[in-house]
Structure formats: structure tokens, C-alpha cells
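Just so we're on the same page: letters track the sequence lines, and every chain starts at 1. Keep in mind that what you see is a predicted model, and the values were worked out from it rather than measured.
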Amino acid sequence: MGFEHLKGFRDIFPEDAQVRLELFSKMEDVASRFGFAPIEYPSVEPLDLFKIKSGDELVKQTFSFKDKGDREVTLIPEATPSTVRLLTSRKEISRPVRWYSMPKLWRYEEPQSGRLREHVQFNADIFGSDSIYADAEIIGLATKILDGLGLKEEYEIRLNDRNLMNNILGNIGISNTPAALSIIDHYGKVDNDTLLSEMSDQGIDDEQAESVIKLLGNNLNPPDLMDFLSSLIFMDDKTIENVNRLEDTYTLLKKYTDAKIVVSLSTVRGLGYYTGIVFEGFDRKGELRAIFGGGRYDNLSKLLSEQSIPAVGFGMGDAVLEILLKRTNRWKAEQRRKKYAVCCSTKKLADRCIDLALELRDLGASAISDLNNRSLSAQLKNASSNDCDYAVIIGEADIKSGKVTLRTLRTGEQSQISIEELVKAVRNDHI
RNA sequence: GCCGGGGUGGGGUAGUGGGUAUCCUUGGGGACUGUGGAUCCCCGGACCCGGGUUCAAUUCCCGGACCCGGCCCCA
């Protein structure tokens, strides 16, 4: 019998792991350029940390268990509560705070495309600013990451604002806002008749429901939002203010990216704790789940700590991103140091191979020598299947004159060069 | 939790109610007496698991786990 990974988990082999490593490193590089500092937190936390925010539905989908001290603990299903915990535990940190992390997250549910039971999520937050500059900066970070991956033409950003939606719904006469938002979130997944009956179940009359549905269908060019809304609903001062804020954020965001940006009034994000802007990134073909998503959550720190700290952040999971990169033929390793296989013609020279391999490694190259005392032809075969760029062959005759054979494996060309020349060439390759 | 689809060596496949389960590839070893990925030879490796029907199940039936996708939910 054999063992396999658990359902919804992944084994990742070198050909993918290498690309992932580079992907993560690019994300961190952009975050660092934006002045975001890395944090880490435990993979196991008290279950209560997540109950406070989201309640039973979330708890049902966690990998949770009782520890030996009879405490309810869980593999973390999201990054934000832990991040807020770190922030609120150190009151001297000067604000605004820009933090990022790349945790593994777990959710216990049926796996499907782009959603697994274990995934890695890039997560970034800004704490201590309630301005549109923070909103634009955090979305800008997400766009710079994707743009840096060459995806500028492949995705779009959908913007909306929770305050705006609350005011619109209020003006229409709908009081049960959370229920209405939850139904709005279904828009596009179910037909409009279903939406109508869902609203009806929540005590929203048909006229109100029709007014809402009329708002949802279009992805708007943000500058057109004011005219669009004015033509359909009553605009009080508050709503006008919300629209202006969203349009101003859009204007700022244009500084960061040329990617497509729309206002999508059906993008509300599921959970109730968002308090301002909400946003999601989608592939433009609309085939995949959200690439990233986030928003402003000014009340969460109060719930967890009694401190009131405005916050805006997003998460970007590895699963959907990987699918998108593969579909657009961008899933390949790029930066790789040159790899040398140091081979010898006879077993007697094996020790010389070790010496030369060590020297090449010191110079920053990747170098291997044979571990199994195999024939030269086997060593070369191995070099080729290990994806080496060059074979350095140490032969009996050559070594006496201080030379080796440098063979370019891709072309088969080879030449005799002195070890000094080799060292010089390798060094130049790795400056 | 629910629904649909799927399974033969590591990958890709042929085939069958009955005999040592086909072929390609990958992997390991060797030959070619110092140049690989060529050629030749050798070796390893599979019918998802359990139950049922049957003289006989990899094949038919049922169930389960797993994989792919969808629902629910979305962090």
C-alpha cells in the first residue's frame, strides 16, 4: 500500500516549486519596494480568534481540533485576525503601518478549480490611515504585483464601496442591508427571478428589488458612476460623497496601473466586516475565481482589541494565480544560475571533481559532481537529464597541462581551457 | 454536506468474464575499451480499495476513498 497526500492538498515537485519560489520572491520584492515589512504568525491559533469575526459558517470550514489541553484550536483559515493581533499587541508601532505576510491557509471544504484545502496567500494591509491614499496604495500594490508578472492585459479590477451600497439600499427603502448585500453577491451566479424571490424572502418588495437589480448589471467606467446613479435613484449628500470618494480613489489608482478598472456594484464581498471600499481582481475572460480581493475594515481591530485602527488590505491566493499564469503561458522558471556538471574520465580523478565543483560553487555557480563513480558517458547523460548548462570534463591528459574540457551541453561544442580561464568566465557570469 | 464526470506501471496507452496483461516513454544497469541525449542488450514497474454476482472479475453490479469540475460558502 502507498500513501498519498490528503484530499485538497498538493505535492509540489521541483519543476513547479522552482517557479513558485520565484513567484513568491517577486511578490515580496514589490511589497518591499512599496515599503511593506514582512511579518509571520502561527499556523495554529485559538478558534475563537476567528469566531469573533465570522461566526459559525466559517468555523464549520476550518481544520480545527482540540489540543491536549482541551483548547479549541485551528489551522488558520485567513490572515487578517492574526495580523491584527500582532498589530494591536505592540502599541508603540508608528503609523501608518504597512505589513505583508505569505501564510499557508487552510479551509475544510470540497476542492474545486482554484480552491484547495491548503494554499498560500500573499496578504498585505495598511493600518492607521482612513484616506483614499491608503486605499489606492493597497490596490496599487496588488496591481503592481500582477503587472510585474506580465498580466497587465489579463485582469481587471472591480471596485465598489460598502458605504455607497448601504446608502443606496437605504434610499431605496431596504433596511435589512446585510441580507440584501448577501443576495447582491449572488448576482450573475443565479438568474434574476431567483434574486427576486431571495429578496422577497427577506421582506424586500418587488419594486425595491427591481431598483436594486437595475443597478447591478453593468461594469461601469468609474467616471460615469455619478451620471449612472443619478439617472436611476435619488442621490442624497451622503451618497454623492461616497461616489466622489470612489471616483477620487480611481483617479489615484490610475497612477499605479494601466490595467482595466471598473465599478461593479454587484461586487460586495461576502462577509460583513468591510466598512468602505471593496475590490476584487478577475481574469478578463471571466473564467476563474477572483485572483485577489480585499477592502477596508475599520472596525475589526476594535472587535479584537478595544483599539480602533482603520485598516485596508487584500489577499492574493496562489491557486488561481497559478492557473492564470499557466493559461497565459507564463508559468516557467526564469532566473537560474548557470549549472555545471564536473565530470571525470576515470574514477581516479573523482576527488579533483569535488575540488573544482567546490570552487565553482564559491563563485556563485551551481555545480554537481558524480556521486556514484560512474562512467564518463553515464556522467554526461546524468548532466544532460539534470538540466546542466555545461559539462566540465577532467581528463588524464588535460589535467597535466592544467586544462579541462568545457562542453556546452545544449550545442555539443567543446573546447580546452585552463582552469584559470574557466574561473574567470564563471565569475563574469555571476557578477 | 450535495451533484456530475473519471481511473490499466512514474507519464501516455492497447485489451479482455478465463492463460505469463500490450506498446511507447521515463527510471536503473550494461555494451560501444575518453564524450551524453543516437543504436543495441538487460532490469524494475500497473488493472484505486472493499463487497457482491460468477466455476472464474482488471472487465459486470453496489459501496467507499481519491482525482477533475460544479453547488453551498468565501477568508
Side-chain angles (χ1 to χ4, degrees), chain A residues 1-11 13 15 45 49-51 53-63 74-84 103-117 119 121 123 182 185-186 189-190 194 267-274 278 280 287-290 292-295 297 300 313-317 319-320 323 341 343-349 370 372-388 390-399 404-416:
Chain A
M1 64 171 256
F3 290 104
E4 294 179 354
H5 58 68
L6 295 173
K7 171 158 52 164
F9 288 74
R10 294 171 283 185
D11 293 327
F13 290 90
E15 61 271 22
E45 294 270 25
L49 184 60
F50 303 97
K51 279 184 176 166
K53 183 177 135 185
S54 305
D56 288 343
E57 183 59 40
L58 180 144
V59 171
K60 277 190 341 210
Q61 297 197 352
T62 56
F63 266 94
T74 185
L75 295 176
I76 58 173
E78 59 165 326
T80 307
S82 299
T83 305
V84 171
K104 271 193 176 180
L105 302 179
W106 295 267
R107 53 174 75 190
Y108 201 110
E109 63 175 352
E110 292 309 309
Q112 48 202 292
S113 179
R115 302 192 70 186
L116 300 160
R117 290 187 170 182
H119 68 120
Q121 187 187 74
N123 196 268
S182 165
D185 196 40
H186 294 167
K189 296 176 187 169
V190 300
T194 311
T267 296
V268 295
R269 311 269 305 151
L271 284 183
Y273 68 96
Y274 288 111
V278 288
E280 290 179 339
E287 293 169 343
L288 307 176
R289 297 166 191 284
F292 67 89
Y297 52 100
L300 187 61
F314 74 92
M316 185 184 289
V320 175
I323 294 171
C343 311
C344 50
S345 62
T346 66
K347 293 178 172 59
K348 268 185 252 171
L349 292 168
D370 187 47
N372 288 349
N373 265 317
R374 288 181 291 189
S375 68
L376 177 59
S377 91
Q379 292 176 57
L380 287 166
K381 193 173 176 180
N382 185 248
S384 176
S385 60
N386 268 289
D387 208 20
C388 290
Y390 304 101
V392 180
I393 302 164
I394 301 178
E396 295 275 13
D398 309 332
I399 202 68
V404 294
T405 300
L406 179 64
R407 184 181 174 94
T408 306
L409 289 168
R410 191 173 52 79
T411 61
E413 291 167 28
Q414 62 183 40
S415 58
Q416 312 278 112

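Atom CZ in A:Phe292 sits about 16 Å away from atom C1' in B:C74, given to the nearest Å. Rounded to an integer number of Å, the gap from CG of A:Asp11 to C1' of B:C66 is 13 Å. Rounded to whole angstrom, the span from the CD atom of A:Gln112 across to the P atom of B:C66 amounts to 15 Å. Here B:A75 presents its C1' atom at 16 Å from CZ of A:Arg117, a figure rounded to the nearest Å. Atom NE2 of A:His186 and atom C1' of B:C74 are 10 Å apart (whole Å). To the nearest angstrom, C1' of B:C67 lies 14 Å from CG of A:Leu6. Atom CD in A:Glu110 sits roughly 9 Å away from atom P in B:C67 (whole-Å rounding). Atom CD of A:Glu109 and atom C1' of B:C74 are 7 Å apart (whole Å).
B:G52 and B:G70: their C1' atoms are spaced 32 Å apart (whole Å). Taking atom P in both B:C71 and B:G29, the straight-line distance is 49 Å, to the nearest Å. Using P as the reference atom, B:A31 and B:U22 are 29 Å apart when rounded to the nearest Å. Remark: the separation of the P atoms in B:U13 and B:U25 is 16 Å, to the nearest Å. The separation of B:A56 from B:G63, taken at their P atoms, amounts to 23 Å, rounded to a whole angstrom. B:C3 and B:A46 have their C1' atoms separated by 31 Å, with the value rounded to a whole Å.
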task: Using a 4.0 Å cut-off on protein heavy atoms (strictly under), produce a 5'-to-3' string for nucleotides 31-39 of chain B with B for base contact, S for backbone-only sugar-phosphate contact, and - for none.
output: -B-BBB---

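Atom OG1 of A:Thr62 and atom CG of A:Leu105 lie 12.5 Å apart (nearest 0.5 Å). How far CG of A:Leu376 is from NZ of A:Lys381: 13.0 Å, rounded to the nearest 0.5 Å.
Heavy atoms of A:Gly294 sit nowhere under 4.0 angstrom from any nucleic acid atom. Using a 4.0 Å heavy-atom cutoff across all strands shown, A:Arg10 reaches no nucleic acid atom at all.
We find that A:Lys60 and A:Glu109 are not joined by a salt bridge, their nearest charged nitrogen and carboxylate oxygen being 4.0 Å or further apart.
Looking at residues two or more places apart in sequence or on another chain, you find a side-chain hydrogen bond (donor to acceptor under 3.5 Å, both in side chains) between A:Gln121 and A:Asn123. For the side chain to side chain contact (heavy atoms under 4.5 Å, CB included) test, residues two or more places apart in sequence or in another chain that qualify with A:Ser377 are A:Ser375.
Summarising the local packing, OH of A:Tyr108 is surrounded by 12 or fewer heavy atoms from other residues, nucleotides or ligands at distances under 6.0 Å.
Contact check, A:His5 against B:C66: no side-chain N or O comes under 4.0 Å of OP1 or OP2. The side chain of A:Ser113 contributes an N or O atom lying less than 4.0 Å from OP1 or OP2 of B:G69.
Residue order along RNA chain B, read from the 5' end via each residue's closest nucleotide, puts A:Lys7 first among A:Tyr274 and A:Lys7.
A perpendicular orientation is assigned to the rings of A:Tyr274 and A:Tyr297, their planes being inclined by more than 60° (bins at 30° and 60°).
If you check distances only, the side chain of A:Gln61 does reach the base of B:A75 with a donor-acceptor pair under 3.5 Å.
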